[in-house]
Protein chains: 2
Amino acid sequence: MQQTNRAPVITNKDFFIRKITREILSGKWNPGDKLPSEREFASELGMGKTVVHSAFEKLASMGLVDIKPQSGIYVADYMKTGNIETLNAIVQLNGNELSKEVTTGILDLRLAIEGMAFRALAQCRSEEDIAYLRSVTEDIRKCSRGIGLEELAERFFVWHREICILSGKNILTLFMNTTHDVSIAFWVNYLRMYGTSFAIDRLERFIDLIEARDGGGAYNLLAEGIEDYLERLEEQTL
Amino acid sequence: MQQTNRAPVITNKDFFIRKITREILSGKWNPGDKLPSEREFASELGMGKTVVHSAFEKLASMGLVDIKPQSGIYVADYMKTGNIETLNAIVQLNGNELSKEVTTGILDLRLAIEGMAFRALAQCRSEEDIAYLRSVTEDIRKCSRGIGLEELAERFFVWHREICILSGKNILTLFMNTTHDVSIAFWVNYLRMYGTSFAIDRLERFIDLIEARDGGGAYNLLAEGIEDYLERLEEQTL
DNA sequence: ATAACTAAGCTGGTCGGACCAGTAAACCCT
DNA sequence: AGGGTTTACTGGTCCGACCAGCTTAGTTAT
């Protein structure tokens with residue numbers, strides 16, 4: 001039996017990153033606080049300074065700490081100066097549960113990004129584009145029962161990213177990828193709420209509209225879908 | 001004489017990151033190509049493997065390479081799988097010059113993000129918010145002659161980010177920060193094109209509209225400004 | 001007593017070499 | 001020629017020593 005599973009080994013570095021992330025997001029440290037030095041953490045937790053340093057580099061790129069060379073490491077005002085990676089960290093800590101506020105924000109952005117892509121693609125689409133999208137969609141339908149929800153969410157993300165790629169607007173693709181992690185969390189939620197077959201049917205309706213060069217129609221379908229999702233979410237929380 | 005200038009010291013890590021970035025973006029390596037091993041780079045350039053490894057971690061987060069553990073490091077298909085950091089790298093390599101396509105994409109996104117923020121803030125703004133925005137704007141006007149264009153661009157970025165912060169929609173702030181680098185490149189261009197005083201006047205018009213709780217008006221002002229900018233850009237390139 | 005200067009002790013950052021756990025290709029035996 | 005084993009090589013982790021610059025405590029000169 002071949003074991004292709006990724007090792008669930010928690011390295012010192014990962015452990016440390018999670019520990020500090022949790023402590024900062026839970027409010028144990030406050031923005032502006034000066035953290036103990038890398039050396040103190042290293043000796044206290046029995047690991048090398050390089051490991052601690054490398055972990056702090058990651059935490060800085062996540063927008064959770066500010067590193068001031070030759071001075072110290074300070075907790076960042078992450079809600080002010082954070083970026084998408086900060087959001088990813090917050091979402092992960094909440095067990096991939098998205099708050100309503102985050103969901104709304106993400107969906108509005110998605111509407112802006114994908115709406116543009118839909119319009120552009122509807123204008124420039126070739127026969128090959130349509131055939132390719134249909135084959136990808138068929139693939140998703142085929143394997144939809146055999147794979148986990150998270151993997152299926154990834155497929156949906158890739159499908160929508162494909163729209164951006166085919167539209168020829170490279171920037172949209174790059175933005176789309178930036179929202180990858182939170183998008184996955186969203187799709188898992190979506191698929192749980194509407195069911196797989198309903199979601200796949202929608203993909204096919206999108207393709208039909210693009211084939212008919214009806215960019216506005218595709219945009220509206222997307223907008224309606226988002227609106228309906230937010231309404232359902234509203235009902236759910238009541 | 002005190003030297004407060006940030007050290008222009010190029011570390012081995014930075015040097016290596018730039019070198020590989022340049023080589024990949026210039027097409028010396030193509031997507032899918034397998035790069036030499038970390039050890040080869042390290043010994044060839046006379047630096048430690050830790051440094052090379054750390055640099056490749058950064059390059060991976062920039063979306064320029066795919067690291068396959070126990071196998072090798074491969075050049076990524078960065079236009080497909082890249083993110084905003086990839087865009088930053090591309091913009092930086094071009095000397096902060098933005099292509100028309102990138103500019104259009106960025107501005108559409110900004111309209112989506114800031115438009116939302118303007119509407120929200122117009123509804124919930126307090127007297128303190130208005131007073132604060134006015135004081136920030138006054139600060140910009142005061143120091144506008146004494147500082148460089150890039151620093152001024154940073155001030156404009158912070159002003160618009162402040163709109164997101166005050167609107168209470170945290171997600172918008174995080175998205176806004178994500179576009180920081182390309183936004184700065186945009187603002188430098190904008191200030192060069194319209195002049196400083198015109199740009200500051202516009203900030204004050206925004207404040208007036210928010211004070212009057214006219215979110216739609218602020219949105220329109222933003223939309224018109226963007227439209228005009230793109231038209232000018234069009235003329236310029238002809 | 002106060003101001004200015006100096007030196008020591010911090011800080012993050014770099015570095016190279018050792019070790020680990022997997023991959024993948026070369027190898028040998030059948 | 002085919003199949004199983006070995007071995008070289010990969011990225012990933014970790015350590016402890018070293019570096020340069022900031023900060024502060026200490027000292028000296030005014």
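Convention: sequence-line order gives letters A, B, ...; per-chain numbering from 1. As a basis for the values below, the full set of heavy atoms in this structure was taken, side chains included, without hydrogen atoms, waters or symmetry mates.
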When the distance from CD of Q70(B) to P of dT10(D) is rounded to whole Å, what number comes out?
-> 12 Å

Report yes if a donor N or O on one partner sits less than 3.5 Å from an acceptor N or O on the other, where the partners are the side chain of S71(B) and the base of dG11(D); otherwise report no.
-> no

Over how many whole Å does the gap from Y74(A) atom OH to dC22(D) atom P extend?
-> 13 Å

Considering only heavy atoms from C-beta outward, does the side chain of M47(B) approach that of K13(B) to under 4.5 Å?
-> no

Whole-Å distance, N12(B) CG to dG12(C) P, equals 21 Å

Taking the six-membered ring for Trp and the single ring otherwise, decide whether the centroids of Y190(B) and F156(B) are under 6.0 Å apart.
-> no

Can you tell me how far P of dG13(C) sits from CG of D14(B), to the nearest Å?
-> 11 Å

Nucleotide of dG12(C), dT14(C), dG12(D) approaching I67(A) most closely (side-chain heavy atoms) = dG12(C)

Should E204(B) and R134(B) be marked as a salt bridge (charged side-chain N to carboxylate O under 4.0 Å, His left out) after you check the CA-CA gap, both sets of side-chain angles, and the distance that decides it?
-> CA-CA 7 Å; E204(B) 283 166 353; R134(B) 288 206 195 281; over 6 Å; no

Donor-acceptor contact below 3.5 Å, side chain K34(B) vs main chain S71(B) | yes

Atom CZ of R39(B) and atom C1' of dT13(D): how far apart are they, to the nearest Å?
-> 12 Å

Residue E40(B), side-chain heavy atoms: nucleotide from dG12(C), dG12(D), dT10(D) that is nearest = dT10(D)

In whole angstroms, the gap separating C1' of dG12(C) from CG of L59(A) amounts to 15 Å

May I have the distance from H53(B) (atom NE2) to dT10(D) (atom C1'), rounded to whole angstrom?
-> 12 Å

Derivation and outcome, side-chain contact (heavy atoms from CB on, under 4.5 Å), residues I207(B) and W159(B) | CA-CA 11 Å; I207(B) 300 178; W159(B) 190 96; 3.8 Å; yes

Identify whether any heavy atom of K49(A) sits under 4.0 Å from a base atom; if not, whether one sits that close to sugar-phosphate; answer base, sugar-phosphate or nothing.
-> base

For S37(B), answer base if it contacts any base atom (sugar-phosphate contacts may also be present), sugar-phosphate if it contacts only those atoms, and nothing otherwise; contact means non-hydrogen atoms under 4.0 Å.
-> sugar-phosphate

For dT14(C), take OP1 and OP2 only and decide whether either is under 4.0 Å from a side-chain N or O of T11(B).
-> yes

For atom CZ of F56(A) and atom P of dT14(C), their distance in whole Å | 16 Å

Closest-nucleotide ordering on DNA chain D, the 5'-leading residue of P69(A) and K34(B) = K34(B)

